[in-house]
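Note on naming: letters A, B, ... go to the chains in the order of the sequence lines (proteins, then strands), and numbering restarts at 1 for each one. If you're wondering where the values come from, they're calculated on a predicted model, not measured in any experiment.
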There are 4 protein chains.
Amino acid sequence: MIGFIGLGIMGSRMAENLLKSSHEIVVYNRTKEKAEDLLKKGANWAASPKEVAARSTVIFTMLAVPKAVEEVALGEEGFLGSLREGSLWVECSTVDPAFTRRMAAEAEKRQIRFLEAPVSGSRIPAEKAELVFLVGGKEEDMEEVRPLLQTMGKDVLYQGETGKGTSMKIVINLMLAQSMAAFAEALNLGEALGLQKETVMETLLNGPTAAPMLKGKKTKILSGEYSADFPLRLMQKDLQLVSQAAYEHSLSMPSANLTKELYALAKQQGLGELDFSAIYQFLKPTK
Amino acid sequence: MIGFIGLGIMGSRMAENLLKSSHEIVVYNRTKEKAEDLLKKGANWAASPKEVAARSTVIFTMLAVPKAVEEVALGEEGFLGSLREGSLWVECSTVDPAFTRRMAAEAEKRQIRFLEAPVSGSRIPAEKAELVFLVGGKEEDMEEVRPLLQTMGKDVLYQGETGKGTSMKIVINLMLAQSMAAFAEALNLGEALGLQKETVMETLLNGPTAAPMLKGKKTKILSGEYSADFPLRLMQKDLQLVSQAAYEHSLSMPSANLTKELYALAKQQGLGELDFSAIYQFLKPTK
Amino acid sequence: MIGFIGLGIMGSRMAENLLKSSHEIVVYNRTKEKAEDLLKKGANWAASPKEVAARSTVIFTMLAVPKAVEEVALGEEGFLGSLREGSLWVECSTVDPAFTRRMAAEAEKRQIRFLEAPVSGSRIPAEKAELVFLVGGKEEDMEEVRPLLQTMGKDVLYQGETGKGTSMKIVINLMLAQSMAAFAEALNLGEALGLQKETVMETLLNGPTAAPMLKGKKTKILSGEYSADFPLRLMQKDLQLVSQAAYEHSLSMPSANLTKELYALAKQQGLGELDFSAIYQFLKPTK
Amino acid sequence: MIGFIGLGIMGSRMAENLLKSSHEIVVYNRTKEKAEDLLKKGANWAASPKEVAARSTVIFTMLAVPKAVEEVALGEEGFLGSLREGSLWVECSTVDPAFTRRMAAEAEKRQIRFLEAPVSGSRIPAEKAELVFLVGGKEEDMEEVRPLLQTMGKDVLYQGETGKGTSMKIVINLMLAQSMAAFAEALNLGEALGLQKETVMETLLNGPTAAPMLKGKKTKILSGEYSADFPLRLMQKDLQLVSQAAYEHSLSMPSANLTKELYALAKQQGLGELDFSAIYQFLKPTK
């Protein structure tokens with residue numbers, strides 16, 4: 001049986017794709033409510049991470065923050081102490097490379113194999129099984145779970161030893177966060193100068209800075225309806241991971257740090273649960 | 001005869017495309033040296049902007065900063081006082097909307113028609129006649145010079161009344177400046193985290209934030225050779241135009257203003273004449 | 001008779017101090033209402049800047065933005081064309097050095113003497129005649145009006161030729177803006193970390209970064225009542241003057257530009273008319 | 001006997017003041033060399049933190065970064081495991097509140113009393129015994145070591161439970177870092193505008209933003225000699241602690257984060273070992 005812990009926007013959709021491919025899965029989530037739909041579709045429920053461990057030899061985790069990962073793995077009811085030796089833990093959350101390496105070490109102590117496999121892609125690619133897995137760890141472990149990853153995603157890209165998958169992931173999210181903020185300011189400038197929002201958008205989405213992600217945010221920006229594909233507060237968290245990693249490597253990142261704080265200010269003003277493209281709304285003059 | 005004033009990286013290539021299409025042209029540049037090549041190819045030389053005016057009824061200007069435009073148009077040897085009534089001035093420089101409107105008013109006072117036609121695209125599109133003209137002013141004036149614009153560019157896009165072309169232009173350049181800075185920081189982060197520069201680049205250039213302009217900068221970044229397609233100091237100037245325009249419209253643009261200062265700092269440290277993609281070099285740790 | 005144009009927070013108090021010292025004054029303000037109190041106290045009313053010029057040989061101007069100065073001096077009803085030759089214009093507004101020099105040149109063309117005398121100090125020093133005048137222009141002109149300046153301020157500091165007074169003024173305001181923003185963030189951090197606001201305030205106001213201006217903002221911050229001694233929107237304007245001046249001198253100022261945008265964002269969210277210390281309120285988490 | 005671990009710029013001077021007051025001390029430093037001077041003056045040498053523990057019941061630590069504190073306390077040769085029950089550890093390093101609380105918990109597990117006592121003041125106050133101790137922990141423990149603290153400082157200020165001393169400390173350092181950066185930009189602006197550096201300095205140091213710390217940096221800035229009273233790289237570290245703490249408390253701090261990155265960029269360009277006032281040098285145009 002396959003274990004799956006963490007059934008938020010991403011995890012629930014990934015787990016459902018495992019189910020759809022006729023895998024038997026046992027799931028756990030802090031609030032059971034979010035599991036109901038999967039349980040109806042045939043997933044098994046575990047009352048704790050520990051119980052997931054007792055019933056599976058491959059465990060996927062998909063959680064929002066490092067602290068949550070640490071809790072389900074190493075907390076009082078954590079799964080790591082209860083997994084059989086040789087089992088495989090596939091960590092899909094977006095965390096920082098230092099944390100990933102620490103988890104890998106904890107796993108190793110207990111003779112558990114560890115693979116990091118953070119994903120590129122948000123709600124819709126998760127639903128459509130079109131995620132891109134950025135994998136770090138042992139290549140043979142990746143090959144072993146490749147069939148499972150492929151039921152949830154379209155690409156499985158090997159990045160190198162533990163930490164490299166996470167590193168690439170936060171580089172991508174940094175780029176997403178900054179592109180979105182830049183697009184938001186450019187649109188607002190265009191409107192302030194008397195151009196039509198739609199015209200500016202079309203021009204930018206067909207010009208030298210057109211990027212697929214920006215095209216994907218068009219509907220939200222035009223409608224003003226920001227249901228979260230990727231919540232702003234999680235983007236802000238990822239920027240903090242970037243900032244922390246940069247500090248540890250003595251790298252100055254002025255722009256990334258300011259972008260981080262703009263998302264933080266938007267969150268502070270109550271936009272944290274909206275899609276991160278709501279940064280456009282945040283920067284827009286009120287009248 | 002067609003007048004052309006300003007023979008820098010862009011102007012020289014645009015004028016050459018007019019020549020290639022068998023147009024007779026009369027050119028002026030502050031330093032004659034930059035005109036030599038064109039003169040050999042058949043262009044006529046004018047000793048002053050005023051002399052250009054005496055010999056043509058359509059004048060293109062392509063200069064680096066508003067002050068330079070003002071000088072050639074309204075300075076002691078400026079062309080505006082010497083153009084015949086009804087002539088057409090096509091301003092291709094990147095300036096701010098307020099300046100454009102002031103020039104249009106100056107032209108109108110003297111019964112000269114005015115068209116703004118700033119371009120999207122840098123050295124290579126200028127060479128290949130693949131520029132995109134963002135035109136503001138009277139539509140019939142645009143139609144009149146459309147054949148000329150099409151010898152220099154691939155698209156002629158009407159934006160509305162005077163000021164709208166320039167507005168769209170600075171919106172685009174803002175987006176270019178910010179995307180480039182974001183890409184620079186993302187690459188530097190990837191390298192600091194131990195990833196290969198080429199791998200990070202490939203991943204970003206094929207992922208959700210891939211943008212044509214970034215692809216175009218790949219060679220420069222990999223080779224470390226930053227000959228200017230679009231000099232960093234001019235990008236910094238354009239960001240100042242953005243900042244000024246935003247202030248005039250009471251729009252806050254935190255990210256744009258910081259990016260402006262990063263380019264300014266790079267310029268202050270001597271990188272002004274390099275391509276603006278050298279912001280990557282500027283932000284890169286020295287060892 | 002002494003002319004005084006511009007009766008806002010600062011100008012009204014400065015003019016009143018002239019009155020109190022038994023000077024006869026003739027005043028003009030765009031909205032007459034703001035002059036009522038002075039008129040009751042004996043000031044004369046002029047229906048236009050032009051009329052002020054007809055009745056005086058020394059004119060003080062104290063306005064919010066360069067455009068307003070230009071309007072009263074050079075507009076249709078402007079005073080500059082109507083002043084007798086040899087009269088003296090004392091410009092007290094905070095503008096940028098380039099603008100000051102342009103006004104000085106306009107005055108000179110008409111044989112009018114020009115003195116810039118921007119002030120350090122806001123509402124309360126204006127009331128108490130404790131302003132500091134930062135004077136640029138001819139020293140003998142300054143000596144001529146020194147008695148007048150001393151009825152409005154405590155110090156008259158000569159800075160050099162035209163432009164230097166304004167230069168020093170924007171340097172000081174930059175420092176005020178940044179100190180205030182720094183103080184705001186420090187207080188908010190202290191509170192977030194569970195320290196008492198009063199304790200943090202006392203510690204900072206008695207430690208190595210204690211500055212008189214910060215002490216003066218204590219009451220506003222503790223009470224949450226931000227009636228403007230110096231409105232936030234004008235501080236934001238001064239930061240724009242700083243940014244513009246820095247650009248013209250090829251100086252990178254990352255921190256000043258970000259601070260400018262934070263005030264701009266606060267203004268964009270409706271805090272423009274409050275005292276600039278309301279930046280604390282703006283940065284404060286809502287709960 | 002009193003233990004003292006960490007003999008850098010600060011620790012060596014603090015330990016010497018203990019010696020001067022006739023206290024017997026046993027010291028440890030990672031590189032013995034830095035202890036030589038103290039040993040000549042009568043201090044005892046311990047070959048490891050563990051050995052310090054064996055010979056003392058009160059231990060002071062004064063180190064550069066949290067990791068270093070953790071190493072001497074909990075590392076293989078750490079002192080915490082070897083101290084007698086009831087001993088007192090006084091932690092003077094600047095760390096973050098979360099780290100402090102973790103160390104307090106580690107101490108408590110081993111029945112060791114813990115006091116945090118970070119200091120306000122750099123090299124010169126350390127030398128002159130004029131530091132200010134910002135104490136967190138149990139008030140009776142503070143009273144017990146008050147006589148010792150008073151041989152090293154002029155003020156011992158109780159801040160509350162563990163974490164509060166450190167919290168106040170990083171608030172103060174944030175304010176120092178931002179004030180210095182603001183002063184640097186203001187001076188550079190003044191110079192760019194043609195004002196004398198000395199005049200700008202005098203005006204700012206006697207005006208509304210005059211702060212004692214800034215006065216203390218005058219000599220360094222005028223001479224261009226930046227020997228470290230407080231190294232820039234440590235200020236940058238403290239700003240990272242600020243940033244981390246703000247993130248943990250969901251507080252947006254745009255200005256602090258940018259300032260952090262400016263110091264980081266200065267460090268990246270090789271100025272890390274200079275005094276943090278060298279940020280002026282960093283931001284200064286090269287010609």
*With no hydrogens and no angle check, is any side-chain donor or acceptor of A:E185 less than 3.5 Å from a backbone partner on B:S255?*
yes

*Show the numbers, then the answer: is there a side-chain contact (heavy atoms from CB on, under 4.5 Å) between B:L283 and A:S252?*
CA-CA 7 Å; B:L283 289 168; A:S252 172; 5.6 Å; no

*Has A:K215 got more than 12 heavy atoms of other residues, nucleotides or ligands less than 6.0 Å from its NZ?*
yes

*Return yes when atom CD of B:E108 has more than 12 non-hydrogen atoms of other residues, nucleotides or ligands closer than 6.0 Å, and no otherwise.*
no

_Counting only heavy atoms not in A:Q196 (residues, nucleotides, ligands), do more than 12 fall under 6.0 Å from its CD?_
no

*Value rounded to 0.5 Å, distance of NE2 in B:H249 from CG in A:L193*: 5.0 Å

_Report, in residue-number order, which members of residues 169-176 of chain B are under 4.5 Å from chain A by heavy-atom distance._
B:I170, B:V171, B:I172, B:L174, B:M175, B:L176

*Where on B:T203 is there a heavy atom nearer than 4.5 Å to chain A: the side chain, the backbone, both, or neither?*
side chain

*What part of B:T199 is in contact with chain A, defined as an atom under 4.5 angstrom from a non-hydrogen atom: side chain, backbone, both or neither?*
both

_Nearest atoms (heavy-atom pairs only) where A:A210 meets B:P212_ = O-CD, 3.3 Å

*Could you walk me through whether B:L189 and A:M253 pass side-chain contact (heavy atoms from CB on, under 4.5 Å), step by step?*
CA-CA 8 Å; B:L189 177 64; A:M253 302 187 76; 3.8 Å; yes

*Crowded around B:K218 NZ? As in, over 12 foreign heavy atoms under 6.0 Å?*
no

_Counterpart residues, side-chain contact (heavy atoms from CB on, under 4.5 Å), relative to B:A181 (two or more places apart)_ = B:T259, B:Y263

*Any residue of residues 122-132 of chain B which, by heavy atoms, sits under 4.5 Å from chain A*: none

*Among B:A245, B:A211, B:A246, B:P208, which has the most heavy-atom pairs under 4.5 Å with chain A?*
B:P208

*Between chain A and each of B:M213, B:M168, B:Q178, B:E248, count heavy-atom pairs under 4.5 Å; write down the option with the most.*
B:M168

*asked:* I'd like to know which of A:N188, A:T166, A:T209, A:L157 tops the heavy-atom pair count under 4.5 Å against chain B.
replied: A:T209

*B:P254, part contacting chain A, at a heavy-atom distance under 4.5 Å*: both

_Taking salt bridge (Lys or Arg N to Asp or Glu O under 4.0 Å) as the definition, give me every residue that meets it alongside B:E161, ordered by chain and number, with sequence neighbours left out._
B:K164

*Between chain B and each of A:G216, A:G121, A:A186, count heavy-atom pairs under 4.5 Å; write down the option with the most.*
A:A186

